[in-house]
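The structure appears below as C-alpha cells.
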Protein chains: 2
Amino acid sequence: MGLTKTEIFTDQQNEISLFAKVFGHPARVAILQHLFKINSCVCGDLVNEIGLAQPTISQHLKELKHLGLIKGNVEGTSVCYCIHKENWTVMKTIMTEFLNQDLSKSQDCC
Amino acid sequence: MGLTKTEIFTDQQNEISLFAKVFGHPARVAILQHLFKINSCVCGDLVNEIGLAQPTISQHLKELKHLGLIKGNVEGTSVCYCIHKENWTVMKTIMTEFLNQDLSKSQDCC
DNA sequence: TTAATTTATTGCAATATTACGATAAATATT
DNA sequence: AATATTTATCGTAATATTGCAATAAATTAA
C-alpha cells in the first residue's frame with residue numbers, strides 16, 4: 001500500500017489533487033510567490049531567498065516545471081524561471097471551480 | 001530529513017500549503033465534492049460512493065475534520081458529515097488570493 | 001585549456017502518507 | 001443482556017516525500 005488508487009477517481013478529481021499537491025509544500029508556495037513578486041525572472045536567487053539547499057530548490061523547481069506552472073530559460077550558466085502564464089490560468093480555472101462549489105445548497109447537518 | 005522545514009516560511013505560506021495538502025489526494029477531493037452535491041449530509045455512504053475501505057475513508061474524513069473543512073454529527077450508530085461553511089469560506093479566501101496573484105506584472109523570461 | 005560559476009542529478013537517510021485487516025467503541029435492536 | 005450496525009483506532013506494510021552531501025554537466029572567464 002501507500003499507493004494512491006488514482007484509477008477509481010475521475011480525471012478531474014485526479015487533476016485537482018495533482019495541482020493541490022504541488023501547492024502542498026511551503027517552499028513551492030514561496031517560490032511561486034517570489035516569481036510573481038519580482039518583475040524580472042529570478043533564478044538561483046531563490047536559493048538565497050528561501051533557506052533551503054540548492055539541490056532541494058532545484059527539485060522543487062523541477063516539480064513545478066513538470067506540472068507546467070513555471071518555465072525555465074537557460075541564460076549562460078544560470079537558469080531563469082518564471083510563471084507559465086497560460087498554464088497558470090488554466091490551473092486557476094480548475095481550482096477555482098472546485099473552491100467555488102455552491103455552499104447555499106448544502107444543508108448543515110450538525 | 002523527510003521533514004518539512006516549516007519554521008523558515010511565513011504563517012501564510014504554511015497555511016496555504018496545509019490547505020493545499022489536504023486537497024492533494026483525490027479521495028478527499030471526491031469526499032468534498034460529494035458533500036457539496038447532496039443536500040442532506042451523507043455518512044458511511046461515502047465508503048460505497050468512493051471505492052476505498054472504511055478505515056481509509058474514516059482516516060481521510062479525520063484529516064478534513066482536523067483542518068476544519070467538514071464537521072461530523074453523531075446520529076445513532078452513524079455519523080453525518082457536512083461542509084463547515086464558515087471555515088470553507090475562510091479557506092477559499094486564502095486560496096483564491098494565492099491563485100489570483102497578478103499575472104500582468106510578471107514578465108515572461110523564456 | 002583550466003578554473004570558476006551555476007544548475008541538475010544521484011544516492012541516501014529520515015519522515016510522511018496511503019491503504020487496509022483486525023479490532024475496539026458506541027449506539028440501536030431484539 | 002446479547003446481537004447487529006456503524007464508525008474510529010491500532011498496527012503494519014508499501015510507497016512517497018523531503019532534504020542534503022557529493023558530484024556531474026554545462027557554460028563562462030581567465
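Chain identifiers are assigned alphabetically (A, B, ...) following the order of the sequence lines, protein sequences preceding nucleic acid strands; residue numbering begins at 1 within each chain. Source: prediction; values computed, not measured.
Not one side-chain nitrogen or oxygen of A:H60 sits closer than 4.0 Å to the OP1 or OP2 atom of D:dT17. The side chain of B:K62 places no N or O atom within less than 4.0 Å of a non-bridging phosphate oxygen (OP1 or OP2) of D:dT7. Dashed line: the shortest gap from a side-chain N or O of B:S58 to OP1 or OP2 of D:dA8 is under 4.0 Å. At D:dT28, none of the side-chain N or O atoms of A:T77 fall inside 4.0 Å of OP1 or OP2 (strictly under the cut-off). Between A:K21 and the phosphate of D:dT17, there is a side-chain N or O to OP1/OP2 separation shorter than 4.0 Å.
Taking the six-membered ring for Trp and thresholds of 30 and 60 degrees, B:H60 and B:H25 have ring planes inclined between 30 and 60 degrees apart.
Residue contacts for A:L61: at a heavy-atom cut-off of 4.0 Å it reaches no nucleic acid atom on any strand shown. Within 4.0 Å of B:K65, counting heavy atoms only, lies no atom of the nucleic acid at all. Within the 4.0 angstrom heavy-atom criterion, no nucleotide atom of any strand lies near A:I57. Backbone-only contact: A:S78 has heavy atoms under 4.0 Å from sugar-phosphate atoms and none from a base.
A donor-acceptor contact under 3.5 Å is formed by the side chain of A:Q54 with the base of C:dA8.
Distances were taken from every side-chain heavy atom of B:P55 (C-beta onward) to each of C:dA22, C:dT7, D:dC20; the shortest belongs to C:dA22.
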